[in-house]
Amino acid sequence: ERDWRIFREDYNIAIKGGRIPNPLRSFVESDIKKDILDVIAKVGYTEPTPIQRQAIPIGLQNRDIIGVAETGSGKTLAFLIPLLVWIQSLPKLARLEDADQGPYALVMAPTRELANQIEEESNKFGVPLGIRTCAVIGGLSREDQGMKLRMGCEIVIATPGRLVDVLENRYLVLNQCTYVVFDEADKMIDMGFEPDVQKILSFMPVSNEKPDTDDAEDEDILKKNFLSKHKYRQTVMFTATMPSAVERMARKYLRRPAYVYIGAIGK
Ligand code: ADP
Ligand code: MG
């Protein structure tokens with residue numbers, strides 16, 4: 001325990017919330033499967049960044065998380081790796097049959113540029129793993145995006161405004177989407193996207209209202225339920241700053257999240 005405290009201090013990692021798993025010493029010494037490790041190596045990432053060290057093991061536990069770290073600190077991969085691992089764990093058959101039921105996961109970002117960057121990173125890892133990513137962003141034609149969506153994709157990366165539009169016009173359904181990422185949550189709120197976020201979540205068949213429990217055994221049962229029936233939403237939020245509006249948003253949409261703060265933000 002003391003060793004891990006020192007380890008976290010060395011990397012400026014501060015945590016809040018019960019039962020936070022140990023941070024990663026390296027990519028290789030983790031539960032990340034070999035095919036993903038191979039892509040990490042190919043891309044040339046040798047060591048996880050501090051936010052990746054702590055957020056990845058939490059994400060791999062299918063737990064809600066709020067990650068706070070400055071711009072350029074590697075937050076994209078911190079949420080993408082657990083997301084890809086989770087999608088890989090879904091039965092292949094379901095993935096083939098349910099293409100018309102929409103994606104399994106949704107990543108929301110406040111701007112087109114950010115959504116494009118995430119799409120690029122997601123494709124870098126997803127393509128070799130056979131996991132398809134589609135972007136739903138302003139600027140491209142709705143029809144073209146709709147066509148790509150109908151061919152099936154496991155992950156949708158979207159800006160909230162265009163996503164609402166596409167959902168309301170039925171170019172996309174979220175009937176089996178149980179994993180939601182809010183990236184740059186602070187910016188999302190600044191740009192006034194909260195009503196859109198609320199609307200988007202209402203298109204999903206799951207809530208994050210799981211029975212509250214502090215019992216570890218119950219937690220395990222909940223996790224198994226979650227994985228087998230996809231009944232509950234897993235929600236993760238990443239942000240560079242943590243103003244009270246983001247805190248409120250986290251309380252509203254996340255369930256018993258683990259908090260990870262990197263650097264001076266956590267002090
Ligand atoms: P943030 O979302 O926190 O602003 P990004 O996820 O965009 O940061 O990452 C910033 C840059 O760092 C990107 O160019 C990305 O490719 C690179 N990067 C991410 N993780 C690692 C890593 N483990 N090792 C080296 N470079 C990394
Ligand atoms: Mg980012």
Side-chain angles (χ1 to χ4, degrees), residues 7-8 10-15 22-60 65-85 105-129 133 135-137 155-160 163 179-191 193 197 235-243 246 249-250 258-266:
F7 184 90
R8 286 192 178 103
D10 285 348
Y11 289 103
N12 263 314
I13 300 170
I15 51 172
N22 294 334
L24 298 183
R25 286 198 189 276
S26 66
F27 283 125
V28 183
E29 292 171 65
S30 70
D31 293 334
I32 303 169
K33 295 238 173 54
K34 187 169 179 309
D35 48 3
I36 294 183
L37 288 177
D38 286 347
V39 185
I40 292 172
K42 205 182 77 196
V43 173
Y45 300 163
T46 49
E47 289 296 318
T49 66
I51 187 71
Q52 291 165 4
R53 285 183 195 276
Q54 186 61 80
I56 289 172
I58 296 169
L60 291 174
I65 177 169
I66 173 141
V68 189
E70 65 182 354
T71 301
S73 58
K75 294 191 289 295
T76 317
L77 216 58
F79 63 74
L80 274 182
I81 286 182
L83 174 53
L84 292 164
V85 168
L106 175 64
V107 180
M108 277 182 262
T111 66
R112 250 196 262 175
E113 291 68 31
L114 286 165
N116 277 326
Q117 283 169 24
I118 301 166
E119 184 195 13
E120 214 174 282
E121 198 81 349
S122 185
N123 274 324
K124 221 188 279 176
F125 285 83
V127 168
L129 303 172
T133 303
V136 174
I137 55 177
I155 303 174
V156 163
I157 320 272
T159 50
L163 183 58
Y179 200 122
V180 174
V181 180
F182 299 112
D183 193 23
E184 308 242 7
D186 48 357
K187 210 165 178 184
M188 209 115 88
I189 290 169
D190 283 349
M191 292 174 69
F193 279 133
V197 164
T235 317
V236 307
M237 190 180 260
F238 282 79
T239 182
T241 61
M242 192 66 180
V246 176
M249 189 172 168
Y259 284 73
V260 179
Y261 307 87
I262 305 299
I265 297 159

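Bear in mind the structure is a predicted one, so any value in this text is a computation, not a measurement. Order of appearance sets the numbers: ligands from 1, and atoms from 1 within every ligand. When reading the values below, keep in mind they use all heavy atoms of this one structure, side chains included, and skip hydrogens, waters and symmetry mates.
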If you count the non-hydrogen atoms of other residues, nucleotides and ligands that lie under 6.0 Å from CG in Asp35, is the total more than 12?
yes

Glu47 heavy atoms within 4.0 Å reach ligand 1 at atoms 22 (C), 23 (N), 24 (N)

shortest atom 8 (O) of ligand 1-to-protein heavy-atom contact is with Gly74 N, 3.1 Å

When rounded to the nearest 0.5 Å, the distance separating CD of Glu184 from CE of Met191 is 10.5 Å

Check: of Thr49, Thr76, Leu114, Thr71, min heavy-atom distance to atom 2 (O) of ligand 1 comes from Thr76

Using a distance threshold of 4.0 Å (strictly less than), state whether atom 19 (C) of ligand 1 has a protein heavy-atom neighbour. yes

query = Mind checking whether Phe27 and Ile36 have side chains closer than 4.5 Å, heavy atoms only?
reply = no

Any protein heavy atom nearer than 4.0 Å to atom 11 (C) of ligand 1 = no

inquiry  = Quick check: do Leu24 and Pro57 have side-chain heavy atoms less than 4.5 Å from each other?
reply    = yes

Exercise for review: Scan the protein's non-hydrogen atoms and note whether one is under 4.0 Å from atom 23 (N) of ligand 1.
Suggested key: yes

Review point. So, the side chain of Lys124 versus the backbone of Ile40: is there a donor-acceptor pair under 3.5 Å, distance only?
Key: no

Quick check: Tyr45 and ligand 1, any N/O pair under 3.5 Å apart? yes

**Salt bridge flag under 4.0 Å for residues Lys42 and Asp38** = no

Ligand 1 to Ser73, heavy atom cutoff 4.0 Å, flagged ligand atoms 1 (P), 3 (O), 8 (O)

- Before signing off on this row, confirm whether Lys75 and ligand 1 have an N or O atom pair separated by under 3.5 Å. yes

One finds that the ligand 1 atoms under 4.0 Å from a non-hydrogen atom of Glu70 are 3 (O)

| said: Classify the ring geometry of Phe7 against Tyr11: parallel below 30°, tilted from 30° to 60°, perpendicular beyond 60°. | reply: tilted

Looking only at protein heavy atoms, what sits closest to atom 4 (O) of ligand 1 is Gly72 N, 2.6 Å

ask   = Hey, is ligand 1 close enough to Gln52 that some N/O pair sits below 3.5 Å?
value = yes

With a 4.5 Å cut-off on side-chain heavy atoms, are Ile81 and Gln52 touching?
no

